[in-house]
Asks: 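Got a structure for you, written out below as structure tokens; questions coming shortly.
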Amino acid sequence: NNQQKWNISYQSGGYFSVSNASDATRLLKYNSQLGTPGFKAYTSFTVAPEVNLYKRIAVTTWNGSSWSNGLPTGKDAINAGSYSTTTQPIFTARNITIQNGAVLEITSGNTITGENVIVENGGNLIQRSGSTLTYSGTFTVNKTGASAANKYAFWASPVANQNLTTIFGATTPQFITEYNTATNYFVNAATTSVLGKGYSIKNPVANAAVSFVGTPNNNDLTFNLNT
């Protein structure tokens with residue numbers, strides 16, 4: 001169907017022209033007013049776009065010794081092995097994902113930069129004293145529980161000031177408790193995590209997928225217990 005085909009040709013001056021193969025009234029133009037700005041295909045009579053064109057973001061994967069698609073600059077970086085700035089150079093990427101079993105270690109005086117950073121269940125981010133992780137989007141740690149529904153499991157937040165009612169997604173846990181060392185009982189806790197504190201939370205679902213989103217906790221942590 002030529003109605004769905006577009007011809008792209010290089011023009012002098014360093015730009016490309018795009019035209020529909022069968023209908024000259026179908027136009028490709030950039031619209032910055034839409035929820036997702038970008039190049040859209042229209043007819044001369046329509047307001048809503050008929051076709052969305054997206055730029056494909058290149059991906060490169062670290063396997064423990066090399067990148068699969070060149071350095072991460074301008075690409076999504078997936079860490080599937082062990083990467084340490086002790087022996088490897090610093091890098092800037094788009095999104096950074098640390099997979100299960102992988103380690104990203106940032107040593108003193110070094111900076112790793114990205115947009116969104118995701119640490120998958122079983123992945124490890126190690127920030128040594130004096131190191132920096134810079135990101136412009138969000139930092140997320142995904143975990144997978146192994147407890148049955150309506151059973152209690154122990155969780156501690158790897159990010160600062162986590163709202164513990166949101167870690168299970170759309171399902172809110174019924175009880176969030178903390179251990180009171182003075183009374184030797186578990187008592188209801190505030191819903192915002194405290195640095196270094198563990199919580200006993202009643203699982204709303206079995207084998208829960210849990211996400212912590214915020215600023216990663218770092219440096220030496222001290223949490224005083226009552227005696």
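Please read all numbers here as calculations on a predicted model, not as lab measurements.
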Asks: About how many Å separate OG1 of Thr215 and CD of Gln162, when rounded to the nearest 0.5 Å?
Replies: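 Gln162 CD to Thr215 OG1: 10.5 Å, rounded to 0.5 Å.
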Asks: Looking at residues at least two apart in the chain, or sitting in another chain, which of them share a salt bridge (Lys or Arg N to Asp or Glu O under 4.0 Å) with Glu120?
Replies: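 So Glu120 forms no salt bridge (Lys or Arg N to Asp or Glu O under 4.0 Å) with any residue.
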Asks: Using the side chain to side chain donor-acceptor pair (under 3.5 Å) rule, collect all pairs that involve residues 141-150, keeping only residues at least two apart or in two chains.
Replies: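 Counting only pairs at least two positions apart or across chains, the side chain to side chain donor-acceptor pair (under 3.5 Å) contacts touching residues 141-150 are Asn142-Ser211.
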Asks: What pair of heavy atoms forms the shortest contact from Asn116 to Thr138, and how long is it?
Replies: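 Smallest heavy-atom distance, with atoms named: OD1-N, 2.9 Å.
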Asks: Within the 4.5 Å heavy-atom criterion, are Pro216 and Gln127 side-chain neighbours or not?
Replies: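 They are in side-chain contact.
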Asks: Taking side-chain contact (heavy atoms from CB on, under 4.5 Å) as the definition, give me every residue that meets it alongside Thr107, ordered by chain and number, with sequence neighbours left out.
Replies: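 For Thr107, the residues satisfying side-chain contact (heavy atoms from CB on, under 4.5 Å) (neighbours in sequence not counted) are Ser84, Thr85, Thr86, Glu105, Asn110, Arg128.
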Asks: Sequence neighbours excluded, which residues qualify as side-chain hydrogen bond (donor to acceptor under 3.5 Å, both in side chains) partners of Ser68?
Replies: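 Per chain and number, Ser68 pairs via side-chain hydrogen bond (donor to acceptor under 3.5 Å, both in side chains) with no residue.
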Asks: Does anything in residues 64-76 form a salt bridge (Lys or Arg N to Asp or Glu O under 4.0 Å)? List the pairs, not counting sequence neighbours.
Replies: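 Counting only pairs at least two positions apart or across chains, no salt bridge (Lys or Arg N to Asp or Glu O under 4.0 Å) contact touches residues 64-76.
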Asks: Do any N or O atoms from the side chain of Thr166 and from the backbone of Asn163 form a donor-acceptor pair under 3.5 angstrom?
Replies: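 Yes, Thr166 side chain to Asn163 backbone: donor-acceptor pair under 3.5 Å.
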Asks: Under a single-linkage rule joining Ile, Leu, Val, Met, Phe, Trp and Tyr whose side-chain heavy atoms are separated by less than 4.5 Å, which residues share a cluster with Tyr179?
Replies: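 Members alongside Tyr179: Phe154, Phe186.
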Asks: Minimum heavy-atom separation for Ala102 and Asn79, please, with both atom names.
Replies: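 Looks like CB-O, 3.1 Å.
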Asks: Quick one: which residue pairs count as a ring pair (Phe, Tyr, Trp, His ring centres under 6.0 Å) with a foot in residues 57-78, not counting sequence neighbours?
Replies: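 Every ring pair (Phe, Tyr, Trp, His ring centres under 6.0 Å) pair that includes a residue of residues 57-78, provided the two are not neighbours, is Trp62-Trp67, Trp62-Tyr83, Trp67-Tyr83, Trp67-Phe91.
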Asks: Can you list the other members of the hydrophobic cluster that holds Val213, where links are side-chain heavy atoms under 4.5 angstrom apart?
Replies: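 Its cluster mates, by chain and number: none.
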Asks: Out of curiosity, does Val194 fall in the hydrophobic cluster containing Phe212 (side-chain heavy atoms, cut-off under 4.5 Å, transitive links)?
Replies: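 Result: yes, single cluster for both.
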Asks: Output all residues satisfying side-chain hydrogen bond (donor to acceptor under 3.5 Å, both in side chains) with Thr134, sequence neighbours left out; order by chain, then residue number.
Replies: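 Thr134: no side-chain hydrogen bond (donor to acceptor under 3.5 Å, both in side chains) contacts found.
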Asks: Apply the hydrophobic cluster definition, ILVMFWY joined by side-chain contacts under 4.5 Å directly or through others, and give me every member besides Val103.
Replies: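 Ile126, all in the cluster of Val103.
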Asks: From the options Ile96, Leu125, Ile118, select the one residue that forms a side-chain contact (heavy atoms from CB on, under 4.5 Å) with Phe139.
Replies: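 Of the listed options, the one satisfying the test is Leu125.
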Asks: Supply the atom-to-atom distance Ser157 OG to Ile167 CD1, rounded to the nearest 0.5 angstrom.
Replies: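 Going from OG on Ser157 over to CD1 on Ile167, the span is 8.0 Å.
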Asks: Enter the distance from Ser82:OG to Gln88:CD here, rounded to the nearest 0.5 Å.
Replies: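 The distance works out to 9.0 Å.
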Asks: If a pair satisfies side chain to side chain donor-acceptor pair (under 3.5 Å) and one of its residues is in residues 188-201, list it, with sequence neighbours excluded.
Replies: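 Listed once each, the pairs are Glu178-Lys197.
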Asks: I need the Ser131 OG to Asn218 CG distance, nearest 0.5 Å.
Replies: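 Ser131 OG to Asn218 CG: 6.0 Å, rounded to 0.5 Å.
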Asks: Give a yes or no answer on whether the side chain of Asn203 reaches the backbone of Val205 with a donor-acceptor pair at less than 3.5 Å.
Replies: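 Flag not set: sc Asn203 to bb Val205 has no pair under 3.5 Å.
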Asks: Kindly compute the distance separating CG (Leu71) from CG (Asn69), expressed to the nearest 0.5 Å.
Replies: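 The distance works out to 10.0 Å.
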Asks: Which atom pair, heavy atoms only, marks the closest approach of Ile90 to Thr111?
Replies: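 The pair with the smallest heavy-atom distance is CB-O, 3.2 Å.
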Asks: Rounded to the nearest 0.5 Å, what separation is found between the OG1 atom of Thr92 and the CD1 atom of Ile112?
Replies: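 Going from the OG1 atom of Thr92 to the CD1 atom of Ile112 covers 7.5 Å.
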Asks: Excluding sequence neighbours, so at least two apart, what forms side-chain contact (heavy atoms from CB on, under 4.5 Å) with Glu115?
Replies: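 By the side-chain contact (heavy atoms from CB on, under 4.5 Å) rule, Glu115 matches Arg94, Asn95, Ser136.
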Asks: Do Tyr152 and Ile176 share a hydrophobic cluster, counting only Ile, Leu, Val, Met, Phe, Trp and Tyr and linking them when any side-chain heavy atoms are less than 4.5 Å apart?
Replies: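 Result: no, two separate clusters.
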Asks: Just by distance, with hydrogens left out, do Asn63 and Thr61 show a side-chain donor and acceptor under 3.5 Å apart?
Replies: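 Checked: Asn63/Thr61 side chains show no N/O donor-acceptor pair below 3.5 Å.
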